[in-house]
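Have a look at the structure below before the remarks.
Side-chain atoms are counted along with the backbone in the values below, which use heavy atoms only and exclude waters and symmetry mates.
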Amino acid sequence: MNAKSMIKNIYNVVSWKRVIIVACFVLAYVLLLIPYVITIPFSIPGVDDFSMCSNLISSSRVVSAIDRANALYFNFGSAIWISMFLNVLFCPIISYGVESMTYGFTMLVIFFLFIIVLNVFYRNLFIFEIRIENTLCREMMVFFATAIPFLGTFYPEVFYWYDGSHYAWFMSFSLLACSCMMKYFHTGRNKYFILLIVWGMLSCMNVPYAVPVSLFYFVMLQRYRGINLHFKDFLPVFFFVCGVLSFVLSPGGQARHDAVGGSAIGMVELVDAGIMTIIGALSRLHTLLVECPCSFALLFLAFLFGIWNKDRVRRSFGSVCCIFIITFLSTMGALYPVMLGYGECVMPNRICFLFDFLFFMMMVLTTFTLGQYLGWICNYGCWDKSKWIMVIAIYMLIVYTSLIAGRWYPESCWAKAFFSLAAVKEEHDEWMDIYREIEATDEKNVVIKHERINTTGILNDPQIGEDKEYWVNGAAARFFKKESIRIEWQDDLVTE
């Protein structure tokens, strides 16, 4: 067989339509992730990274991780001892120092693992529960659901800060637990039952994630078991409760609550936390509406795809309402313990990450299933595909025009990443210069004189400053084996 005939045979065998579709999806994911991929490697160690990695009791990483987890659980900081154990176990600056790019690449690996877990969860959800039979539509919905939270904002306290990455870890544990639940109830295989207990218990060790995981399990029980429950079905609940209790009853959790100014929790505090949860959610929703127009544009596309791909079995309006109520309770239930713990309406970036992902999950599922319901009652599913292409094209044109008119583009992740890449690198390099100067000096009481560093808002701020008594300065001093560290900023440049 000559080369010409071989090429002809390959051409006849390969489905070029499928290749083009796969290539389009690959390109779409690349465009989605590239703002993070080009900026995460410049992540800067700081804040809790120093306290976590200083004064370790042993050269054994496992022994040190157990010691730090024990101290965190019983003394101060947080009840999430498992996060401290994992953080110390895999922390790159213990082995490679603060100046190595290993820190940034570790964060990049965490980011990619999170994206994979998120993608797998949505794929299982749309296959087993939402039951989208059209493969192209299903993959489009998986992409929409994965992309929507990343289109308008960065999460520097989660993907650019190693200690803060445990929020992504626990979100991943929750998604893995829910994926295993779907697999177990559809296959009945014991390995998925064991995995849902393991991942679910790990998730419940951080109480905000316990709410959506537990709700999801109860919904699955009701849907697939009804009233025919067995002893085995209650085992996950037992382990979930154990995970929650390990958090709630920890002395370290109470110590942190007291440290942030929280008062004793009574009925008044419980009611106040509920009010603050509503206020915090509405405030964040307003921010998302302003900063993430493209995310809401994709939600409308999800609605159109729901109309186009109505289920074989007619979806009732009651099922759409149930999906909304369950996901709404999961979102608000995850935010409530945070407000209760802080004792005030606080929404730092890492908590915004938690809210955003649950909120957009709620909106994706609600809009798509609502579209399926309307597709049945209006019989829009029989429309010619060319009409749908026209509708989507016109819609995207309107969205594009509105985004440009609203000047959203300069604030988008793509624009910030590309236009600020040099500034991001400069911010990283200047902090590395400061760290090198601290390490190189023989002084025990270190005073660094440096021009104020312009921040881009993409990287997480290390928070070492002029007050040597500030706890971050103290943690950095212990890490670098100094008595004190202070940075004297030499000008008054305004942070961008």
message = Looking at every non-hydrogen atom in both residues, tell me the closest pair between Tyr103 and Ser43 and how far apart they are.
response =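 Minimum heavy-atom contact is CD2-O, 3.6 Å.
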
Residue pair Tyr160 / Pro35: nearest heavy atoms and the distance that separates them = OH-O, 4.3 Å

task = Using atom types as modelled and distance alone, determine if a side-chain donor or acceptor of Asn473 lies under 3.5 Å from a backbone N or O of Ile464.
result =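 No, because the side chain of Asn473 does not come within donor-acceptor range (under 3.5 Å) of the backbone of Ile464.
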
message = With side-chain contact (heavy atoms from CB on, under 4.5 Å) as the criterion, how do Phe114 and Met171 come out once you've worked through the C-alpha distance, each side chain's angles and the decisive distance to 0.1 Å?
response = CA-CA 8 Å; Phe114 176 77; Met171 181 68 79; 3.5 Å; yes

Basic-acidic side-chain contact under 4.0 Å: [X], [Y]:
| X | Y | answer |
| --- | --- | --- |
| Arg284 | Asp356 | yes |
| Arg486 | Glu488 | yes |
| Glu157 | Arg350 | yes |

Any side-chain heavy atom of [X] sitting closer than 4.5 Å to one from [Y]?
| X | Y | answer |
| --- | --- | --- |
| Ile434 | Ile453 | yes |
| Trp431 | Asp461 | yes |
| Ile148 | Leu299 | yes |
| Ile458 | Pro156 | no |

So, do [X] and [Y] have ring centers that fall under 6.0 Å from each other?
| X | Y | answer |
| --- | --- | --- |
| Tyr435 | Phe480 | yes |
| Phe357 | Phe353 | yes |
| Phe170 | Phe173 | yes |
| Phe144 | Phe305 | yes |

Within the supplied structure, the quantity of interest is the number of heavy atoms (other residues, nucleotides, ligands) at a distance under 6.0 Å from [X] [atom1]; does it exceed 12?
| X | atom1 | value |
| --- | --- | --- |
| Phe328 | CZ | no |
| Glu443 | CD | no |
| Lys468 | NZ | no |

Would you give me the side-chain donor-acceptor pairs under 3.5 Å for residues 118-127, sequence neighbours excluded?
| from | atom 1 | to | atom 2 | distance (Å) |
| --- | --- | --- | --- | --- |
| Asn119 | OD1 | Arg123 | NH1 | 2.6 |
| Asn119 | OD1 | Arg123 | NH2 | 3.3 |
| Asn119 | ND2 | Tyr29 | OH | 2.8 |
| Arg123 | NE | Glu139 | OE2 | 3.1 |
| Arg123 | NH2 | Glu139 | OE1 | 2.5 |
| Asn124 | ND2 | Val120 | O | 3.3 |

query = Do the ring planes of Phe143 and Phe25 sit parallel (below 30°), tilted (30 to 60°) or perpendicular (above 60°)?
reply =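 Rings of Phe143 and Phe25: perpendicular, as their planes differ by over 60°.
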
